[in-house]
2 protein chains.
Amino acid sequence: MSTLSTKERILNSTEKLIAEHGFAELSIRKISQRAHTNLAAINYHFGNKQQLIDQVLERRLNNLFDIRKNMLDELNQGDPKKVCNLEQILHAFIAPALFMINDEHQGGRIFMQVLARAYAEQSEALHDLMKDRYTPIIKEFAEAIGLACPDLPRETIFWRFHFIIGALTYTMGHFGATSVARQMPEEEYFEKSVAELIEFAKAALSV
Amino acid sequence: MSTLSTKERILNSTEKLIAEHGFAELSIRKISQRAHTNLAAINYHFGNKQQLIDQVLERRLNNLFDIRKNMLDELNQGDPKKVCNLEQILHAFIAPALFMINDEHQGGRIFMQVLARAYAEQSEALHDLMKDRYTPIIKEFAEAIGLACPDLPRETIFWRFHFIIGALTYTMGHFGATSVARQMPEEEYFEKSVAELIEFAKAALSV
DNA sequence: ACGCAATTCAAACGACTGTTTAAATCAATT
DNA sequence: AATTGATTTAAACAGTCGTTTGAATTGCGT
């Protein structure tokens, strides 16, 4: 049916179905139907439904975290104590997430809706992934921001960064919805979102 | 069993079950069991499951919007063109939402997790409610912020306010989780959240 | 071309889903 | 006390759910 393997087709159709209709209506029958395969293929390749969902989340999140980490390391040049430019730090954190959304070919926007829903549902697998991979990188970014904003107390940095993550998460999850309401072309609106969010974060950290 | 009516007990148990286990595991059998009533009582009082969920959302959202609107009108003194203090405007928007969270007696924190989940699931009923009631009030606040920040372009106001709403929504949805991680008493942490979020929003609108 | 392992498939399992039906119970009015 | 309407109940309905089973099929190394 396609050049992709059964396993890949299952992962893709799962992602699309979650984005389109949420977790509530997600069934392995619909998944297998959309992936042009059999019911039992899912249990064969992934064990059970939950482990399939976990792998959908992991597949892209690991990628996002790697990109963020690499961009920060490039600024750092391997030295966590190096003082970097605030805008570049924020760019390294924000841009990969939003670029992933705009990567229509790879279904990035779809994934962000999936992620937003899994986050709200407080998925256990997602929580574990966050603790193991996300939190350490968050801390690295917080450290870098602290060095770039020497006038702000450590505690303030924590709070402001927390709120910036909130603004980013909200924007990612509602990107499709808001872009419809705008009158500019979607591509233009996307780039505007990235720029405005970075400007917003800079302003929030400047006082 | 209780002083509350069957209808109220159903609404409350629904809210609690969504907050505890999400929409995925929500069944009218569990709801009726927890409300100490019969299966068919739900269909009798609410028509069907979806209309029950809709009423759970509406019950509290209408209340939140009313409070916000009243607080803004008090600042305005009924005149939408009156220039108000930025901090007071932000307080009128942010505080009612966070106070609702802290109202443990009325189950406010529970509701905010419900709201976060419904929002992620892109509930149709919630979307309609937003369009009819939320959007107009958002616009009123945006107007008031615009008057309070004469140096910022109208478009910038739009973006920054959008991000502030994101930070607020994120904080509401994850309040339970983050408060566990903090070492200060919960009550203190709550008040700190409100103050920090208002300071954050002020900073984000000051440049 | 054979044999073995990996993969795919149809079918069935038991459990759970939302909703409907009609009978039973309750509360209030005449 | 009888009657009426509102409420609650138990039971059944027709689907869908995730998972398992064992047979059929495929593809690859020999």
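Throughout, protein chains are lettered first and strands after them, A, B, ... in sequence-line order, and every chain is numbered starting at 1.
- In this structure, Arg9(B) atom CZ and dT8(D) atom C1' are separated by 11 Å, rounded to whole Å.
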Would you be so kind as to tabulate the donor-acceptor pairs closer than 3.5 Å made by side chains of residues 22-32 of chain A, with sequence neighbours excluded?
unit_1   : atom_1 : unit_2   : atom_2 : d
Ser27(A) : OG     : Lys30(A) : N      : 3.2
Lys30(A) : NZ     : Glu25(A) : O      : 3.0
Ser32(A) : OG     : Ile28(A) : O      : 3.1
Ser32(A) : OG     : Arg29(A) : O      : 3.0

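- Of the residues in residues 40-57 of chain B, those placing a heavy atom less than 4.0 Å from an atom of DNA chain C are Ala40(B), Asn43(B), Asn48(B), Lys49(B), in numerical order.
- In this structure, CD of Glu25(B) is placed 13 Å from P of dG18(D), rounded to the nearest angstrom.
- Considering every non-hydrogen atom in both Leu39(B) and Asn43(B), the closest pair reads O-OD1, 3.9 Å.
- Residue Gln50(A) qualifies as enclosed at atom CD: its count of foreign heavy atoms under 6.0 Å is above 12.
- Using bins of under 30°, 30° to 60° and over 60° for the plane-to-plane angle, the ring pair Phe99(B)/His91(B) lands in the perpendicular bin.
- Axis angle between the ends of the helix from dG3(C)-dC28(D) to dT30(C)-dA1(D), five pairs each and rounded to 10 degrees, works out to 0°.
- For DNA chain C, the contact window with chain B, defined by any atom under 4.0 Å from a protein heavy atom, covers dT17(C) to dT21(C) in 5' to 3' order.
- Here dT19(D) presents its C1' atom at 9 Å from CG of Leu39(A), a figure rounded to the nearest Å.
- Taking the centre of each ring, Tyr170(B) and Phe163(B) stay at or above the 6.0 Å mark.
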Under 3.5 Å, side-chain donor or acceptor atoms of residues 64-73 of chain A against the rest of the protein: list the pairs with distances, not counting sequence neighbours.
unit_1   : atom_1 : unit_2    : atom_2 : d
Asp66(A) : OD1    : Arg133(A) : NH2    : 2.8
Arg68(A) : NE     : Phe93(A)  : O      : 2.9
Arg68(A) : NH1    : Tyr134(A) : OH     : 3.4
Arg68(A) : NH2    : Phe93(A)  : O      : 3.2
Lys69(A) : NZ     : Asp73(A)  : OD1    : 3.2
Lys69(A) : NZ     : Glu140(A) : OE1    : 2.9
Lys69(A) : NZ     : Glu140(A) : OE2    : 3.2
Asn70(A) : ND2    : Asp66(A)  : O      : 3.3

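- In this structure, the side chain of Arg160(B) engages the main chain of Ala204(B) through a donor-acceptor pair within 3.5 Å.
- Looking at heavy atoms from C-beta onward, Leu147(B) lies out of side-chain contact with Glu143(B) at the 4.5 angstrom threshold.
- Looking at which nucleotide of DNA chain C each of Lys30(B) and Arg29(A) is closest to, the 5′-most match is held by Arg29(A).
- The CG atom of Leu11(B) sits 4.0 Å away from atom CZ of Phe46(B), with the distance rounded to the nearest 0.5 Å.
- Every side-chain contact (heavy atoms from CB on, under 4.5 Å) that Glu8(A) has, sequence neighbours left out, goes to Leu4(A), Ser5(A).
- Atom CG in Asn38(B) sits about 13 Å away from atom C1' in dA12(D), given to the nearest Å.
- Ring-plane geometry between Phe158(B) and His162(B) is classed as parallel, the angle between the planes falling under 30 degrees on a 0 to 90 degree scale with a further cut at 60.
- Ile31(B) comes within contact range of no nucleotide atom at all, as no heavy-atom separation falls under 4.0 Å.
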